[in-house]
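Scroll down for the structure; my scribbles are underneath it.
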Amino acid sequence: MGGPEHGIGLVAERLTRIIGRRHVLRDVSFRAGAGEVVAIVGRNGAGKSTLLSLLSGRQSPDRGGVRVESDGRVLSPRESATVVGFLPHDLFLYPDLTARENLAFFASLYGVRHADERIPLAIDAIGLPRDADRPVRTLSRGMQQRAAIGRLMVIGARVWLLDEPTTGLDEPGRAWLAATLDAAARRGVLVATASHYRAEVEAATRVLVLDAGRLVLDVAGGADGATRAFEVIEGGIVAARGGAA
Amino acid sequence: MTAGLRQFGAVLAKDARIEFRTRDIVYTMALFSILLVFVFAFAFLSDPSRTRDYGPGIVWVTLLFSATVGQNRLFDRERENGCLWSMLLAPVPAGVVFAAKATGHFLFTVAMAAVTVALIVVFFDLRVLDVGGFVGSLLLGTAGMSLVGTLFSAMLMNARMKEVLLPLVTFPVLVPVVIAGVKVTALSVGAPLQEDAGAWLRFLLGFDMIFGAVTVLLFGRMIRS
Amino acid sequence: MGRGWTRWIGAALAVAALVTMLAALYAIFFVAPLEMTMGIAQKIFYIHVGSAMNMLLAFGVCALAGATFLAVRAPRARAMADAIGVATAEVGVTLGAIVLVTGPLWARKAWGTWWTWEPRLTLSLMVFLLFLAYLALRAFAGSDRFGRGVAAGLSIMGIPAIYFIHFAVERWGGAHPQVVYKGGLTVPGMKLAFWLSVLAVSLVTAALAYQRAVIETQRQAIDALFLELDRREGLP
């Protein structure tokens with residue numbers, strides 16, 4: 001079901017996260033490799049955001065672990081930080097800086113080479129050439145999302161972790177996002193998104209279904225995978241548990 | 001090593017740019033400090049002959065309170081879009097991020113202090129005889145406040161009652177700084193104390209060095225716990 | 001550490017503390033002579049100094065626990081460190097309250113004022129405030145791992161802080177340190193009362209801190225049970 005043999009991949013082993021007296025995630029394990037587009041689905045509160053948070057390093061697991069592998073070699077924490085890009089609900093953009101300034105700042109932070117060339121390219125790719133020099137605060141949510149994706153492009157992330165990136169996007173915006181993620185995957189980026197939308201699940205190459213913190217289904221994407229996934233979610237039962245289909 | 005320096009510069013420059021653009025902190029800190037000086041003037045100036053006695057204390061109270069007010073504002077920005085973590089998840093040592101934030105606070109507070117202290121010197125008719133000691137104590141004292149304050153305001157960014165918690169936690173630790181600072185300031189305006197300003201300045205320097213090391217080392221561990 | 005063990009240690013400490021305290025009180029009132037100028041009020045000194053010494057010791061242990069909490073990853077070690085941290089802090093606050101009440105009572109009789117900024121009393125006040133800040137952080141900075149970590153960081157920073165506070169307040173009143181408490185303990189009866197009191201307060205501190213830490217581990221165990229319950233829900 002895809003593994004990190006070439007390019008950069010993620011391995012999650014028995015990830016568990018406890019908040020107070022509840023397991024928010026329990027024993028979630030999977031491997032995903034370069035070029036995959038993974039859709040993480042589940043009802044609200046199933047643990048999708050937490051899973052992405054753990055994968056990115058934003059939170060530490062209470063049990064289990066995450067590793068980033070490149071051609072079978074485990075990357076050090078610093079190397080992992082260089083290649084993983086996280087796009088949470090908060091967007092990780094400074095609202096009082098312009099999109100261009102945000103990109104330049106993160107380029108400097110990540111030590112990106114040839115930033116002077118990459119930033120304009122990214123701004124074009126995200127479709128913001130006219131609004132790149134206004135403070136992010138003044139942009140619409142959709143444009144902010146685009147700028148946030150631009151950040152992932154500029155820092156050269158090989159793993160993209162996106163938490164419900166289509167929130168607040170209109171139809172053209174969602175189409176643009178789908179195309180962008182597809183293009184990234186073709187370049188070997190491992191894309192993982194938390195999602196509610198059937199269309200996105202169908203476009204994915206892999207579907208992970210979370211229910212009450214457990215990984216209950218791990219199947220290939222596409223129309224069939226989407227159907228099975230939403231059956232499980234709507235059924236509200238722990239149907240097929242674990243294992244690749 | 002140079003990468004760290006570049007990243008330090010990037011964070012500092014980013015904060016400077018945001019502050020210049022929004023000018024929030026400037027207004028709140030400056031206004032607050034100036035008002036405080038006025039209140040002290042009305043409270044104490046009924047006996048103008050002894051300004052040498054209470055003047056230094058007023059300088060340090062004002063400095064401590066404005067530094068604390070500035071601390072809270074500093075991390076409001078980072079909290080807004082989760083941005084502190086956007087930096088921590090980058091391949092930057094946490095200590096570098098901390099150092100940049102603390103330095104930003106230091107530079108900012110010193111700039112504010114220049115204005116308020118000038119006001120105090122004028123209103124309270126203080127004669128600064130030892131300018132080196134006067135300025136030195138303010139710089140070293142502010143550095144201590146920036147180090148300790150930045151560490152805890154980062155940690156308390158999301159806490160309830162952080163405006164109350166921050167002073168509660170930092171003031172006991174900063175008491176030595178206030179004691180030492182007032183001593184040197186008093187000596188530099190000619191208070192007849194039998195004290196060695198140099199010794200107190202070295203004390204402040206020692207404080208800054210030890211707490212500089214401790215805060216930089218603890219920051220990464222604490223924020224990720 | 002099974003439940004049997006814990007009970008035995010707790011009981012042993014409590015009994016030892018009680019016995020020593022009774023012995024100390026006996027020594028204070030019946031062995032140590034009455035001091036000339038202050039009379040019976042001087043005797044509060046014995047408890048006062050013991051409490052102050054133990055408050056500092058409690059802080060040291062709290063800081064060690066805090067350092068352990070931040071440095072290690074194993075959950076059980078962290079839980080133990082956390083329990084010791086909160087136990088020493090709560091006992092430390094209690095000791096601080098004792099010091100700050102007995103101190104002024106003594107000072108009133110000795111110097112005529114309730115409070116002077118005498119170096120050691122001032123230091124005790126600052127340590128008391130640091131303990132309060134520690135507990136406030138635990139209460140308000142989040143009851144999760146993160147909040148505990150912030151409090152642990154404060155306890156660690158408290159060690160150099162206390163060092164600097166000590167120096168600063170010693171020299172605050174002038175170039176010459178004001179040493180007030182020494183002297184007057186040349187009489188063997190007083191020495192006995194003094195050291196017995198220190199031992200008694202130390203044992204009381206240990207007994208209380210131990211019990212508090214045990215209670216905390218029991219609370220942790222309850223959380224673990226709830227967690228286990230939560231884990232089993234949803235299993236077929």
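Numbered from 1 within each chain, the chains take letters A, B, ... in sequence-line order.
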Quick one, C/Arg171 and B/Trp200 - any side-chain contact, counting heavy atoms below 4.5 Å?
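A side-chain contact under 4.5 Å exists here.
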Who in residues 158-168 of chain C is close to chain B, using a strict under-4.5 Å heavy-atom cut-off?
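So far as heavy atoms go, C/Pro160, C/Ala161, C/Phe164, C/Ile165, C/Phe167, C/Ala168 are the residues that approach chain B to under 4.5 Å.
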Which residues from residues 92-102 of chain C are near chain B, with near meaning under 4.5 Å between non-hydrogen atoms?
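When heavy atoms of chain B are the reference, residues 92-102 of chain C contributes no residue within the under-4.5 Å range.
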Below 4.5 Å from any heavy atom of chain C, which atoms of [X] appear? Answer side chain, backbone, both or neither.
| X | value |
| --- | --- |
| B/Phe211 | side chain |
| B/Val175 | side chain |
| B/Leu168 | both |
| B/Met155 | both |
| B/Thr170 | neither |
| B/Leu174 | neither |

Just give me the residue among C/Leu130, C/Leu129, C/Leu154, C/Leu125 that pairs up with chain B most often, heavy atom to heavy atom, under 4.5 Å.
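Heavy-atom pair counts peak at C/Leu154.
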Restricting to salt bridge (charged side-chain N to carboxylate O under 4.0 Å, His left out), what partner residues turn up for C/Arg219, sequence neighbours left out?
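Counting only residues at least two positions away or on another chain, C/Arg219 forms a salt bridge (charged side-chain N to carboxylate O under 4.0 Å, His left out) with C/Glu216, C/Asp223.
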Looking only at heavy atoms, which two atoms of B/Ile223 and C/Phe146 are closest? And how far apart?
O-CE1, 3.7 Å
Between C/Gly153 and B/Leu218, which heavy-atom pair has the shortest distance, and what is it?
O-CD1, 3.8 Å
Could you work out, with side chain to side chain donor-acceptor pair (under 3.5 Å) as the rule, every residue matching B/Ser153, not counting sequence neighbours?
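With sequence neighbours excluded, B/Ser153 shows a side chain to side chain donor-acceptor pair (under 3.5 Å) to B/Gln71, given in chain and number order.
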Which atoms of C/Arg73 approach chain B - backbone, side chain, both or neither, heavy atom under 4.5 Å:
side chain
Need one label for C/Ala152: side chain, backbone, both or neither, based on atoms under 4.5 Å from any heavy atom in chain B.
neither
B/Met209, CE atom: more than 12 neighbouring heavy atoms under 6.0 Å:
no
Greater than 12 external heavy atoms within 6.0 Å of B/Phe65's CZ:
no
If only atom types and distance count, is the side chain of B/Arg221 paired as donor or acceptor with the main-chain N or O of C/Leu70 below 3.5 Å?
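Yes.
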Starting at CE of C/Met157, measure out to CE of B/Met222 and round the result to the nearest 0.5 Å.
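If we round to the nearest 0.5 Å, C/Met157:CE and B/Met222:CE are 7.5 Å apart.
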So CZ of C/Phe140 and CZ of B/Arg160: to nearest 0.5 Å the spacing works out to 6.0 Å
